[in-house]
Each structure stands twice: as structure tokens, then as C-alpha cells.
Amino acid sequence: MSNPVYLALDLPQLDAALALAQRVREHVGGIKLGLEFFCAHGHHGVHEIARLGLPLFLDLKLHDIPNTVAGAMQAIRVLEPAIVTVHAAGGRAMMEDAKAAAGEQCKVVAVTLLTSLDGRDLARTGVEGSAHDQVLRLAELARLSGLDGVVCSGHEVAAVHAAWKDGFLVVPGLRLPADGTAAGDQKRTVAPRQARDAGASVLVVGRPISRAADPLAAARAIEATL
Ligand code: C5P
């Protein structure tokens, strides 16, 4: 089985990002580029990273009217991403159009609820009920819209997997129990192996590799647990 770890390359400098990716490339399965990277370096930056030959995950979290999201999807299609994210809150028509515009080779995955939001934030937007229920509701909407899967936390992945057996599930917020890396702004972390065993298809790992004293050793250590 291929390595499910996608390295989140959240570094502001293109040279540093490229150097890190080159260093660990044999021990990760793909590279995740986020909004920050894309806004700073655009298509040029993506082309530079693509030269490594690893699958690319463009975590752009698209959220707009269906026509605009479909246009954005068409504009990034030339970059041949393996995975792109959209917000499930954009609704069914937006997700259907995003999927149709993405092409056969690209998995389109929905962000359900940002993990930076809690139950109180949700109530303020007028959504009743728990964050967990909202995640499952939006995952079901993504499934009905023909998307490939969703992004969810390691704590939700088992429940989403139970509800969507062949869903392509992307899990961030992962930490090795004994790696000594601070959780940072990730409040509730799980281990990569635990997330994979619960049904994750892709494991997103950023700082445990990028901020490690020895990123290559960290990437190897994570790979060894899988
Ligand atoms: O450094 P760390 O391993 O926490 O990186 C996690 C990556 O996953 C970051 O790029 C972050 O933006 C992304 N992400 C997340 N939580 C979500 C969705 C995406 O941490 N719910």
C-alpha cells in the first residue's frame, strides 16, 4: 500500500518549502499545499513543487457560487492536483459543479466544519445541535453531491467511515504520542496509525515533520508506525 502521509508544506518561503519536500520525499506519499502557499506563489510555486513527482493536494477550501467555484476548478486543472478541497457549506449545486469541473483524476473532498469552530461558534451562525452532528450532516451532503470524501478530525473519522464506507477521508491534526512536538493550535490530536485504522485514506502531517529538528528522521518515524 502506498504511503498515505501528505506533508503539509506550510512554509512561507518557496526555497525552504522545496528543500524540505526534497529532503523527505522518499518517506511521504504526497504534498499538501494550502491557501497561504497558493496565494504567495501561485501556479509557479505549484509547478516547482510538482517537479518532485509526488501527488499534490491543493487545500484551497473553495467556497463561492457554483459558477465561480467551477471556474476556479477549471483554472487549477492544468496543475493536475490529485486532491482539491471545497467547503461543504457551499451547498449541493456548488459541490456538484466543482466535481464536474475537476476532471476524472482529481478527488474533490469537502471541508465539513473547520476545527477552529466549536459548538458556541456554530450556535452563533444559527446552527442548532452539536458540531459532531453538523460534521455528519455535511458529510452526507457531500456524498449526495457526488464528492469523493471529506476532511475530518481523527476523532470523527470512525463515525464518518461508518456512515460512508467508500468515502475518501482526509485527516489532519496528527501527532505521534512520543515525538515531543507541541500540538500547537491543534487541540485534539490523534496518532497517524490510530487515524488510519479508523478509516483515514490520507493523513495530513505538517509541523511534526516541518518543525522537527530532523525532518527526515521524523518522516521516517511516522512512516514506520503505519
Ligand atoms: O502542522 P499540522 O500537522 O498541524 O498541519 C495540519 C495541516 O492541516 C495544516 O496545513 C492545516 O491548515 C490543515 N488542516 C487542519 N485542520 C483542519 C483542516 C486542515 O489542521 N480541520
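The figures that follow rest on heavy atoms only: side chains count, while hydrogens, waters and symmetry mates do not. Indexing begins at 1, ligand by ligand and atom by atom, following the structure's order. If you're wondering where the values come from, they're calculated on a predicted model, not measured in any experiment.
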- Would you check the N or O atoms of Arg207, main chain and side chain alike, for any that come under 3.5 Å of an N or O of ligand 1? yes
- Message: Under 4.0 Å from a heavy atom of Ala8: which atoms of ligand 1 are those, numbered in the order shown and with their elements?
- Response: 7 (C), 10 (O)
- Task: Determine the interplanar angle of the Phe57 and Tyr6 rings, folded into 0 to 90°, and report it as parallel if under 30°, tilted if 30 to 60°, perpendicular if over 60°.
- Result: perpendicular
- Query: With only distance considered, is Val205 within less than 3.5 Å of ligand 1 through an N or O on each side?
  - Reply: no
- Take Asp148 and Lys99 through the salt bridge (Lys or Arg N to Asp or Glu O under 4.0 Å) test and state the conclusion after the steps. CA-CA 9 Å; Asp148 297 282; Lys99 181 62 188 163; 2.8 Å; yes
- Item | Asp133 with Arg137: basic N within carboxylate O range, under 4.0 Å | no
- Flag for Gln74-Arg77: side-chain donor and acceptor within less than 3.5 Å: no
- Note on the structure: The answer for which part of Pro208 has a heavy atom under 4.0 Å from ligand 1 is side chain
- Arg211 touching ligand 1 at heavy-atom level, < 4.0 angstrom: no
- Item | Part of Glu36 within contact of ligand 1 (heavy atoms, under 4.0 Å) | neither
- Just do the side-chain contact (heavy atoms from CB on, under 4.5 Å) check on Arg220 and Ile209 with the steps written out, would you? CA-CA 9 Å; Arg220 280 190 172 134; Ile209 294 176; over 6 Å; no
- Note on the structure: Checking heavy atoms under 4.0 Å, the part of Arg175 that sits near ligand 1 is side chain
